[in-house]
Structure formats: C-alpha cells, structure tokens
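Okay, structure first, notes after.
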Number of protein chains: 2
Amino acid sequence: MFITTAQVTNHNYLLTAVQTDEFERLKPHLELVQMPLGSVLYESASRLQHAWFPTTAIVSLQYIMEDGASTEIAGVGNEGMLGVSLLMGGAATSSRAIVQTGGCGYRIKAGSVLHEFNRTESLQRLSLLYIQALITQMSLTAACNRHHSIEQQLCRWLLLTIDRLSSNELIMTQELIASMLGVRREGITEAAGNLKNAGFINYRRGHITILDRSGLESLSCECYKVVKKEFDCLLSTYTTTQHSHS
Amino acid sequence: MFITTAQVTNHNYLLTAVQTDEFERLKPHLELVQMPLGSVLYESASRLQHAWFPTTAIVSLQYIMEDGASTEIAGVGNEGMLGVSLLMGGAATSSRAIVQTGGCGYRIKAGSVLHEFNRTESLQRLSLLYIQALITQMSLTAACNRHHSIEQQLCRWLLLTIDRLSSNELIMTQELIASMLGVRREGITEAAGNLKNAGFINYRRGHITILDRSGLESLSCECYKVVKKEFDCLLSTYTTTQHSHS
DNA sequence: TAAGTTGTGTACGATACCGCACAGACGCTA
DNA sequence: TAGCGTCTGTGCGGTATCGTACACAACTTA
C-alpha cells in the first residue's frame with residue numbers, strides 16, 4: 001500500500017504502521033466509510049458491531065450520566081482506533097462514541113478485528129501502545145475537569161481538534177462543545193467571546209476559525225501540551241520500533 | 001495453589017484466575033511484599049521497575065499537575081494490578097501510584113511480567129479484561145469530577161474503599177482524602193461533618209468508621225453503583241470464562 | 001508532664017459556574 | 001421575501017467551591 005498525496009485522506013497512523021505482510025491479510029476486512037458529523041458509532045452498554053480507524057474524521061468518546069449529562073473522556077482521530085474494548089474481551093463499552101468532525105475512516109467487523117488482533121503480532125503491539133496513550137489522555141481529562149477553568153479547557157479542546165485537521169476552521173456549534181466539555185452552553189459563549197476579543201479566534205454560527213494558535217496555547221492549561229507530546233511520542237513509537245509499509 | 005482461610009490475606013483475584021499450569025510458571029517470580037500506607041510505588045514519568053498485585057493493600061492512581069494539584073483517576077485493590085503500562089509497550093506511566101490503605105501484595109519484576117504476559121495466554125487475557133475495567137473506572141471518574149458534589153463523591157469514595165476492606169474502619173485523614181478527590185481539605189471536613197450528623201459515619205483524627213452503608217449509598221452519586229457493578233462483573237468474568245486454580 | 005506536631009472545626013469574602021429567562025441574529029426553506 | 005428553527009448574546013440571582021486565616025483538639029515525642 002502506497003500513500004500518495006491523492007490518498008492522504010485515507011491515512012490512519014495506527015493502520016499504516018502495521019507490518020506490510022500482516023497488513024495485506026487485514027486489508028480485505030477493511031471498508032472505507034463516511035463518518036458524518038453527529039453520527040453515533042456506539043452507545044454506552046451497546047454491543048459493538050465494528051471497530052473504526054478514523055482517517056479524516058474525529059470522534060469524541062463521552063460518558064453519559066443517568067440524567068443525560070455528558071463529559072468527553074477522550075478524542076480519537078487518525079492516530080488511533082475506536083472499539084478497543086473488542087480487543088480486551090468485552091463486547092460492550094461504558095462510553096458513547098460520537099463523530100465530532102465529519103470525515104472518513106476504515107471500518108472492520110467486530111469478529112474480524114478480534115481474530116486479526118490475536119494472530120497479527122504488529123496490530124496487537126500497536127493497539128496496546130495506542131490503548132496506553134488513550135489511558136493517558138483519559139487520566140488527563142479527569143484531572144483537567146477537576147482543576148481548570150472553562151476557558152482553559154476550551155483552549156485545550158480547540159487546539160487538540162485543530163491539530164487533527166488540515167484546515168484552521170472547524171464546523172462546530174457552541175452547544176456541541178458545551179456538551180463535550182460537560183458545561184453549560186452559556187459558559188462556552190462567554191469563554192469564546194473572550195477568545196474572540198483577544199483576537200485568537202473568530203466565529204459565526206456553527207463555524208470557528210483559529211486565528212492565533214500561540215495565543216490559545218498561552219491561555220490553555222498545561223494539559224494541551226501534555227496530550228500533544230503523548231501523541232507525538234505515540235506516532236514516532238508506531239514507526240520506530242518496527243518497519244512500516246507507508 | 002490452595003487459598004485456605006489462613007492464606008486469605010494473600011489473595012489477588014486476577015492472579016488467582018490464572019490457569020493452574022501457567023500459574024506454576026509465574027509463581028517463582030512473585031514476591032509477597034508489604035505495601036505500607038503512603039508509600040509511592042511509582043511516580044509519573046518514572047521508569048517502572050515492577051508490577052504489583054495487591055492482596056490486602058489498596059492503591060490510588062493519581063494524576064499530578066505541574067502546580068502539584070492531584071486527582072485520583074482510579075483505585076486498585078485485590079481485583080487488579082499496578083503497572084499495566086508495562087504490558088502495553090511503555091515503560092513509563094503518566095500517573096503516580098500511592099498506597100492508600102496499607103497491606104500486602106505480590107510484586108514481580110518488570111522484565112519477568114512482560115515475558116510472562118507474552119507467553120502466558122490466561123495472564124494476557126485476564127490483564128486485558130482488567131485494563132478494560134480500569135478504563136471504565138477512569139471514564140467514570142472524569143465524569144464524576146465534572147458533575148457531582150464533594151459530598152456525593154466522598155460517599156462514593158468511602159463505599160468503594162470499604163468494599164475492598166474486611167473491616168468497616170479505615171485509617172485515613174481528611175487531608176489525604178482531599179488530595180485524592182482533588183479538593184480542599186475544608187471541603188472534606190464539611191462533607192464528613194454532614195455524614196457524621198446524619199449518623200452514617202463516625203470518625204476521630206485519622207480514623208473513619210462506616211456506620212450505615214445504605215445511608216451512604218443514598219447520598220452517593222450513581223457512580224458508586226456503576227463501578228461496583230463493573231467490578232462484580234469483572235470478578236465473575238475472571239473465573240467463568242476459564243478454569244481457575246483457586 | 002510539657003512541648004511540639006499534625007489533624008480538625010469554623011468563618012468570611014471572593015469567584016466560577018449554574019439555572020433560567022429571553023432577545024436578537026443568522027441561515028435555511030418555501 | 002417571509003417565515004421558521006436554530007444558534008448566540010446577555011442578564012440576574014443562587015450556590016458550590018475556593019483561598020485564606022486562625023483557633024483548638026488530639027496524638028507523639030522528649
């Protein structure tokens with residue numbers, strides 16, 4: 001498999017790092033699908049039918065409480081996968097996965113991915129690496145929820161989202177961001193207003209444009225840098241420890 | 001290996017569920033050690049030297065921020081293990097592990113546990129199951145931090161701790177609980193005072209006694225029940241899917 | 001027993017965030 | 001162009017938690 005510029009939208013780092021010969025075996029099971037904004041890949045406590053490897057899409061993992069309140073616990077882009085619990089012997093999961101930025105991704109049937117995980121050494125190794133990075137991100141989210149202000153968290157969230165996109169504009173309502181961060185919509189309106197006044201972002205109804213990354217970084221909590229570093233580290237580990245076919 | 005009543009303090013559910021023949025291979029690497037209150041098993045970003053399987057000890061996983069603020073992201077008792085990142089290809093971890101209730105546990109060298117993980121089918125399967133439960137607990141913690149009051153969280157925390165103990169008294173200062181929940185000590189004093197007035201707990205300097213479990217449950221957020229259920233489920237999965245030697 | 005250390009109780013203003021209510025603006029559809 | 005639904009801006013009182021400060025009580029050690 002060769003990733004050319006024309007195919008760059010079909011690129012998932014985890015998949016790409018799977019060894020060439022093993023990837024050939026995996027390939028027939030992979031299906032490139034649309035992942036439209038707002039679609040729910042799985043609900044909490046539902047049985048997983050597939051695993052996904054996003055390419056251009058970004059997915060938000062959320063925990064939903066009994067009263068409907070939600071909290072994002074991690075984000076997944078083309079550095080990772082969804083449905084890791086399939087690999088761990090549980091068919092269900094405790095979270096909801098909802099597409100936060102529309103795009104594409106590879107899909108693979110639940111049965112196939114488990115079968116391949118067990119017989120494909122490099123997929124197994126890479127998945128475990130990814131799961132560890134995911135755990136780190138979740139820990140950080142828990143701590144960030146506790147200690148940092150809405151404005152700081154909004155900066156972190158915008159930066160992490162922008163980092164996974166090729167553009168500097170994201171299609172996203174304040175309402176949606178609020179539900180991800182688990183705060184009131186008005187809280188986001190206020191924080192976003194501050195960022196706009198500072199000249200760091202601009203926005204109109206459902207669209208946010210990042211104007212000044214470094215400005216956001218200066219207002220963000222440390223959590224952004226830590227997650228970023230973790231991901232950079234993850235991506236280099238994907239490829240350095242073993243031959244890649246990309 | 002037979003767990004008799006005299007040995008019951010040496011019992012870790014995960015280890016016990018490892019298949020008999022495979023366990024025999026694991027056994028020489030296991031070392032039963034004291035895990036005294038307050039001792040730090042590993043710091044964040046430090047290189048892991050061992051993995052641990054608590055028997056009577058309870059360990060708190062915390063994320064420490066740059067300014068020193070801490071947040072508990074999960075607790076580990078005799079249902080699980082510490083140092084899961086060793087199994088996942090990373091030698092370091094992003095959290096701190098600190099003994100929250102003194103006791104005993106099995107320790108195994110980092111090199112040995114990775115080696116055995118790769119060649120011991122049941123250990124691998126059980127570890128992955130445990131990691132999934134750990135992820136669930138972490139998700140819940142993130143959401144609970146966001147949405148629930150100090151009093152609710154204190155109830156959850158007390159219940160989860162008591163569930164892992166044989167006694168109904170725990171040795172624990174309010175200061176320590178505060179650092180785990182990531183709140184001010186005064187917040188715990190107030191919440192604990194309310195629980196005392198309600199007759200649900202009693203305490204003196206460094207000791208807390210649970211008087212009324214169901215009272216605590218009624219004030220706790222849903223998170224307690226969810227984690228409890230997850231653990232019950234985990235323990236039954238440990239043993240039902242495969243023969244156990246306990 | 002005395003001195004020192006550590007844990008707990010209490011108070012008070014500051015502040016971040018919530019819940020609610022409502023007005024207005026944007027953008028889609030007919 | 002008009003109408004409608006959705007998104008955003010704003011205000012206001014209520015509340016949980018924070019930061020700080022200090023008094024006192026319980027245990028430890030000399």
Side-chain angles (χ1 to χ4, degrees), chain A residues 37-38 65 67-72 100 142-158 169-198 200-209 219-221, chain B residues 37-38 65 67-72 100 142-158 169-198 201-209 219-221 223:
Chain A
L37 175 62
M65 319 233 66
D67 66 356
S70 59
T71 312
E72 180 172 272
Q100 161 207 317
C144 192
N145 277 351
R146 164 64 70 205
H147 294 290
H148 299 141
S149 71
I150 291 184
E151 186 172 292
Q152 288 177 308
Q153 293 186 52
L154 176 59
C155 290
R156 166 179 66 89
W157 191 91
L158 287 173
E169 180 180 342
L170 41 124
I171 297 167
M172 178 66 54
T173 63
Q174 298 185 355
E175 185 80 48
L176 197 46
I177 298 181
S179 92
M180 306 229 193
L181 296 185
V183 299
R184 285 182 322 152
R185 193 267 312 162
E186 293 89 331
I188 300 297
T189 300
E190 193 186 342
N194 293 345
L195 299 181
K196 187 178 190 174
N197 290 339
F200 297 161
I201 66 173
N202 204 352
Y203 58 87
R204 61 188 179 86
R205 210 183 158 79
H207 299 253
I208 303 178
T209 310
L219 288 186
S220 170
C221 46
Chain B
L37 176 63
M65 320 232 65
D67 67 355
S70 60
T71 311
E72 180 173 271
Q100 162 206 315
C144 192
N145 276 351
R146 163 64 71 206
H147 293 290
H148 299 140
S149 70
I150 293 184
E151 187 172 292
Q152 288 176 310
Q153 293 186 52
L154 177 60
C155 290
R156 166 179 66 86
W157 191 90
L158 287 173
E169 179 180 342
L170 40 122
I171 296 166
M172 179 67 54
T173 65
Q174 298 185 354
E175 184 80 49
L176 196 45
I177 297 180
S179 91
M180 306 229 190
L181 296 185
V183 298
R184 284 182 322 153
R185 193 268 312 162
E186 292 88 333
I188 299 298
T189 300
E190 193 187 342
N194 294 344
L195 299 181
K196 186 177 190 174
N197 290 338
I201 66 172
N202 204 350
Y203 57 86
R204 62 188 177 87
R205 208 186 159 78
H207 300 252
I208 303 178
T209 310
L219 288 187
S220 170
C221 46
C223 304

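Below, read A as the first sequence line, B as the second, and so on, with proteins coming before strands; counting in each chain starts at 1. Computation of the quantities below employed the complete heavy-atom set of this structure, encompassing side-chain atoms and omitting hydrogens, waters and symmetry-equivalent molecules. Here the structure is a predicted model, which means the values were calculated and not measured.
Between S220(A) and Q152(A), the side chains place no donor N or O within less than 3.5 Å of an acceptor N or O (distance only, hydrogens not considered).
Taking atom CD1 on I150(B) and atom P on dT15(D), their separation rounds to 17 Å, with Å as the unit. Put simply, CE on M172(A) is 16 Å from C1' on dT8(D), counting in whole angstrom units. Note: CG (L181(B)) to C1' (dT17(D)) measures 13 Å, nearest angstrom. Following rounding to the nearest Å, L154(A) (CG) and dT8(D) (P) show an atom-to-atom distance of 12 Å. Taking atom CZ of residue R204(A) and atom P of nucleotide dG9(D), one finds them 14 Å apart after rounding to whole Å.
For the pair N145(B) and L181(B), the minimum side-chain heavy-atom distance is 4.5 Å or more. By the 4.5 Å heavy-atom criterion applied to side chains, Y203(B) and M172(B) are not counted as neighbours. Residues L170(B) and L158(B) meet the side-chain proximity criterion, which asks for heavy atoms closer than 4.5 Å. Counting only heavy atoms from C-beta outward, the side chains of E151(A) and L219(A) approach each other to under 4.5 Å. Between N202(A) and K196(A) there is a side-chain heavy-atom pair separated by less than 4.5 Å.
Phosphate contact (OP1/OP2 of dT6(D), side-chain N/O of Q174(A), threshold under 4.0 Å): absent.
A heavy atom lying under 4.0 Å from DNA chain C marks the following residues of residues 182-194 of chain A, by number: V183(A), R184(A), E186(A).
Atom CD of E190(A) is surrounded by 12 or fewer heavy atoms from other residues, nucleotides or ligands within 6.0 Å.
H147(A) contributes a side-chain N or O that, together with a main-chain N or O of S70(B), makes up a donor-acceptor pair within less than 3.5 Å.
Scanning DNA chain C 5' to 3' for nucleotides with an atom closer than 4.0 angstrom to a non-hydrogen atom of chain A gives a first and last hit of dC17(C) to dG27(C).
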